[in-house]
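Here the structure is laid out as structure tokens; the discussion comes afterwards.
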Amino acid sequence: MTTDTLTRTERERLTGTYTIDASHSRLGFVARHAMVTKVRGGFNDFAGTITIDGANPTRSNAEVTIEAASIDTRNADRDAHLRSNDFFAMEDHPQLRFVSTAVEQLDDTRYRVTGDLTLRGVTKTVTIDLDYTGVAVDPFGNTRVGFEGATTVNRKDWGVSWNAALEAGGVLVSEKVTLEVEISAIKDA
């Protein structure tokens, strides 16, 4: 959806500030475990806003705050380990934070969002390509917008370096982690 193909009404409808609906969104991750399978997890407690400029997407921005304690991999022991100093160091760094610094429109429905991701007190720049999945008015009269995408990062860039060597070679947890984003956001009145 380039601004050249949108009608003025569609641009106006998209333009605004949106609050992320965490109950209909997912912020997750995937890491290789024991070099043979992937473990998926996510965060259950997060909040954020997205400001969209339909006429000029480069003026759009997003901010998200994630509560580290809300990590959920469907395994209580693993979640406790991930909350520890070996990984998220939750007691000293209870939140993860993303603040966009640039938005680029790639084509009709894809955007590249660059921003600062802070984890364990370390801030690094990440870039994620997002697919615009649409805008709709829900049965309650809320205007919703949707985006989804993924990017791969090296967890060591944020000081998350814990690992265990495997007897057959390799390590228990991959350095590369895929971050997954599925967002439904409601336009503010």
Side-chain angles (χ1 to χ4, degrees), residues 20 22 25-51 57-58 60-75 78-107 109-133 146-166 169-185:
I20 294 174
S25 299
R26 180 176 176 273
L27 299 178
F29 57 89
V30 181
R32 187 145 308 267
H33 180 263
M35 310 312 293
V36 298
T37 191
K38 293 178 181 174
V39 170
R40 295 180 186 280
F43 296 92
N44 295 322
D45 188 5
F46 55 90
T49 58
I50 302 167
T51 301
T58 62
S60 301
N61 61 69
E63 291 188 25
V64 180
T65 301
I66 302 166
E67 299 300 326
S70 73
I71 195 164
D72 184 359
T73 64
R74 300 180 312 131
N75 181 290
R78 178 173 46 229
D79 293 348
H81 190 201
L82 290 170
R83 289 182 187 107
S84 77
N85 288 338
D86 287 342
F87 289 92
F88 289 105
M90 182 196 80
E91 289 199 20
D92 292 328
H93 307 284
Q95 295 179 327
L96 292 74
R97 185 160 169 79
F98 175 82
V99 178
S100 68
T101 56
V103 176
E104 175 187 359
Q105 188 167 6
L106 301 177
D107 64 25
T109 59
R110 291 183 2 181
Y111 296 85
R112 179 163 290 148
V113 178
T114 301
D116 294 329
L117 177 62
T118 303
L119 165 67
R120 291 178 57 112
V122 176
T123 301
K124 296 287 181 181
T125 298
V126 297
T127 299
I128 184 167
D129 289 351
L130 295 174
D131 293 321
Y132 164 76
T133 57
F147 296 94
E148 58 187 36
T151 192
T152 301
V153 299
N154 187 322
R155 63 188 177 90
K156 286 187 170 183
D157 291 345
W158 285 269
V160 183
S161 57
W162 181 91
N163 225 328
L166 299 175
V171 291
L172 187 62
V173 183
S174 62
E175 288 180 16
K176 292 186 177 183
V177 177
T178 300
L179 306 179
E180 300 175 325
V181 176
E182 298 168 14
I183 296 294
S184 176

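Quick caveat: nothing in here was measured; it's all calculated off a predicted structure.
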Open item on the list: Going by the rule salt bridge (Lys or Arg N to Asp or Glu O under 4.0 Å), which residues pair with Glu180 if we only count those two or more places apart in sequence or in a different chain?
Closed with: Arg26, Arg40
Open item on the list: Is the shortest side-chain heavy-atom distance between Trp162 and Leu172 below 4.5 Å?
Closed with: yes
Task: Exercise: do Thr127 and Thr114 side chains pair donor with acceptor under 3.5 Å - done: yes
Task: Residue list, side-chain contact (heavy atoms from CB on, under 4.5 Å) with Ser100, at least two apart or on another chain - done: Asn61, Ala62, Phe98, Val113
Under 3.5 Å donor-acceptor pairs involving side-chain atoms of residues 28-37, not counting sequence neighbours:
none

- [ ] State, yes or no, whether a side-chain contact exists between Leu27 and Val181 at a heavy-atom distance under 4.5 Å.
- [x] yes
Open item on the list: For Phe46, give me all partners under ring pair (Phe, Tyr, Trp, His ring centres under 6.0 Å), at least two apart in sequence or on another chain.
Closed with: none
Task: Close side-chain approach of Val153 and Trp158, heavy atoms under 4.5 Å - done: yes
Task: Gap separating the OG1 atom of Thr65 from the CD atom of Gln95, nearest 0.5 angstrom - done: 5.5 Å
Open item on the list: Within the 4.5 Å heavy-atom criterion, are Asp72 and Asp79 side-chain neighbours or not?
Closed with: yes
TODO: Give every residue pair that meets the salt bridge (Lys or Arg N to Asp or Glu O under 4.0 Å) criterion with at least one member in residues 86-99, sequence neighbours excluded.
DONE: Glu63-Arg97
Task: Nearest atoms (heavy-atom pairs only) where Ile50 meets Ala185 - done: CD1-CB, 4.2 Å
Task: Residue list, side-chain contact (heavy atoms from CB on, under 4.5 Å) with Lys156, at least two apart or on another chain - done: Asn154, Ser161, Glu175
Open item on the list: If you define the side chain from C-beta out and look only at heavy atoms, does anything of Leu117 sit under 4.5 Å from Leu179?
Closed with: yes
Open item on the list: Show the nearest heavy-atom pair for residues Ala68 and Leu96, with the distance to one decimal.
Closed with: CB-CD1, 3.7 Å
Task: Main-chain N/O of Phe87 paired to Arg120 side chain as donor or acceptor, under 3.5 Å - done: yes
Task: Any donor-acceptor pair under 3.5 Å from Thr133 side chain to Gly146 backbone - done: yes
- [ ] To the nearest 0.5 Å, tell me how far Thr152 OG1 sits from Ile128 CD1.
- [x] 9.5 Å
Task: Shortest non-hydrogen contact between Ser25 and Ile20, atoms and distance - done: OG-CG2, 3.8 Å
- [ ] Could you tell me the separation between the CD atom of Glu67 and the CZ atom of Phe43, rounded to the nearest 0.5 Å?
- [x] 10.5 Å
Open item on the list: Looking at Val39, is its backbone amide N or carbonyl O close enough to the side chain of Arg78 to form a donor-acceptor pair, meaning the two atoms are under 3.5 Å apart?
Closed with: no
Task: Asp129 side chain to Thr151 backbone, donor-acceptor under 3.5 Å - done: no
- [ ] Give a yes or no on whether the backbone of Val160 and the side-chain of Arg155 come within a donor-acceptor separation of less than 3.5 Å.
- [x] yes
Open item on the list: Please report the interatomic distance OG1(Thr109) to CG(Asp131), rounded to the nearest 0.5 Å.
Closed with: 5.5 Å
